[in-house]
Protein chains: 2
Amino acid sequence: MGDSTKQLDRAFAALADPTRRDLVARLSIADATVGELAEPYDVSLQAISKHVKVLEDAGLVTRSKDAQRRPVHLNPEALDLMTQWIERYRRDAEARYRRLDALLARTAQDDEERGTDKEQAS
Amino acid sequence: MGDSTKQLDRAFAALADPTRRDLVARLSIADATVGELAEPYDVSLQAISKHVKVLEDAGLVTRSKDAQRRPVHLNPEALDLMTQWIERYRRDAEARYRRLDALLARTAQDDEERGTDKEQAS
DNA sequence: GTTGTATTCAACCAATTAGTTGAGGACGAT
DNA sequence: ATCGTCCTCAACTAATTGGTTGAATACAAC
């Protein structure tokens, strides 16, 4: 199992939680310490610390050291990895459906021209 | 809690599993029945059926009825919803870091021009 | 050195999840 | 009507997860 597999596992799992998505949204505006991040929620500071650790293990954020503070910093490259995975397959699927739609439209037009309603093209 | 919140919860959680990501990858090529999907893996058919249900509850796939078969069909729009969420915040973060980098570069240049190496800007 | 602040570690609990096996439902073919 | 096929439902298990509280660490400041 490739290494990027586990990375994607963790990244998608990390964003599956609404609190963690909210943290990411806030970190896209500005870096913040764990304490600052925890302030708006009515869960314990430790719970938020855990959430940040999940984001960190997923590679979505990094932490630096500033005295006893640990400023959390969003890592856009990890987000980019996710979109690239998704977009690859979304594009394939959409291209396929466009081709299928075009084929169906052409077939329907042919039928109409021939005045047929329910025939096999053999 | 918004409705799109739960949708995103489920979609991200669904793609957090490597087997389910593999299913999505294969469905981007062609629709397939549960039996066909299950064939390559060495887990039970029921396990794959459950995985497909998770993808379905997340809105990532739909199922039609063809006799006793249930062809599974990838839904690119759900994937699009995910990329839109991610890209919004990725763009914000990257724009912010670009601005910060530019500022730092400018400051470093100013320092150099003044011949200073480690000074506070008041 | 003692105090205060910022954060993590550890142990625990309840809920969820990915897997199993066994039974059952829906449908086509004979 | 019965048989085989495709698939889901139900019940169970083991592992993971999001939350809790209490103790410990790291550092600045006094």
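Note on naming: letters A, B, ... go to the chains in the order of the sequence lines (proteins, then strands), and numbering restarts at 1 for each one.
Rounded to an integer number of Å, the gap from B:Lys6 NZ to C:dT16 C1' is 15 Å. Taking atom CZ on B:Arg63 and atom P on C:dA26, their separation rounds to 16 Å, with Å as the unit. When rounded to the nearest whole Å, the span between CZ of A:Arg69 and C1' of C:dT8 equals 17 Å. C:dA18 atom P lies 11 Å from atom CG of A:Asp9, rounded to whole Å. Regarding A:Leu37, its CG atom lies at a distance of 13 Å from the C1' atom of C:dA6, rounded to whole Å. Distance, B:Phe12 CZ to D:dT17 P: 17 Å, rounded to whole Å.
Between B:Ser49 and D:dC7, a side-chain N or O to OP1/OP2 separation shorter than 4.0 Å is absent.
Cluster membership check: A:Val54 does not share its hydrophobic cluster with B:Leu15, using side-chain heavy-atom separations under 4.5 Å among Ile, Leu, Val, Met, Phe, Trp and Tyr. Cluster membership check: B:Val24 shares its hydrophobic cluster with B:Val43, using side-chain heavy-atom separations under 4.5 Å among Ile, Leu, Val, Met, Phe, Trp and Tyr.
One distance of note links CZ of A:Arg88 with OG of B:Ser28; it measures 8.0 Å at 0.5 Å rounding. In this structure, the separation between OG1 on B:Thr5 and CZ on A:Arg21 is 6.0 Å, given to the nearest 0.5 Å.
Among D:dC9, C:dT7, C:dC9, the nucleotide with an atom closest to any side-chain atom of B:Lys53 is D:dC9.
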Check: Along nucleotides 18-30 of chain D, 5' to 3', which nucleotides get a B, which get an S, and which get a -, given that the test is a protein heavy-atom distance under 4.0 Å?
Finding: SBBBB----BS--

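With hydrogens and angles disregarded, no donor-acceptor distance shorter than 3.5 Å links the side chain of B:Arg90 to the backbone of A:Leu79.
With ring centers used as reference points, A:His73 lies under 6.0 Å from B:Tyr97.
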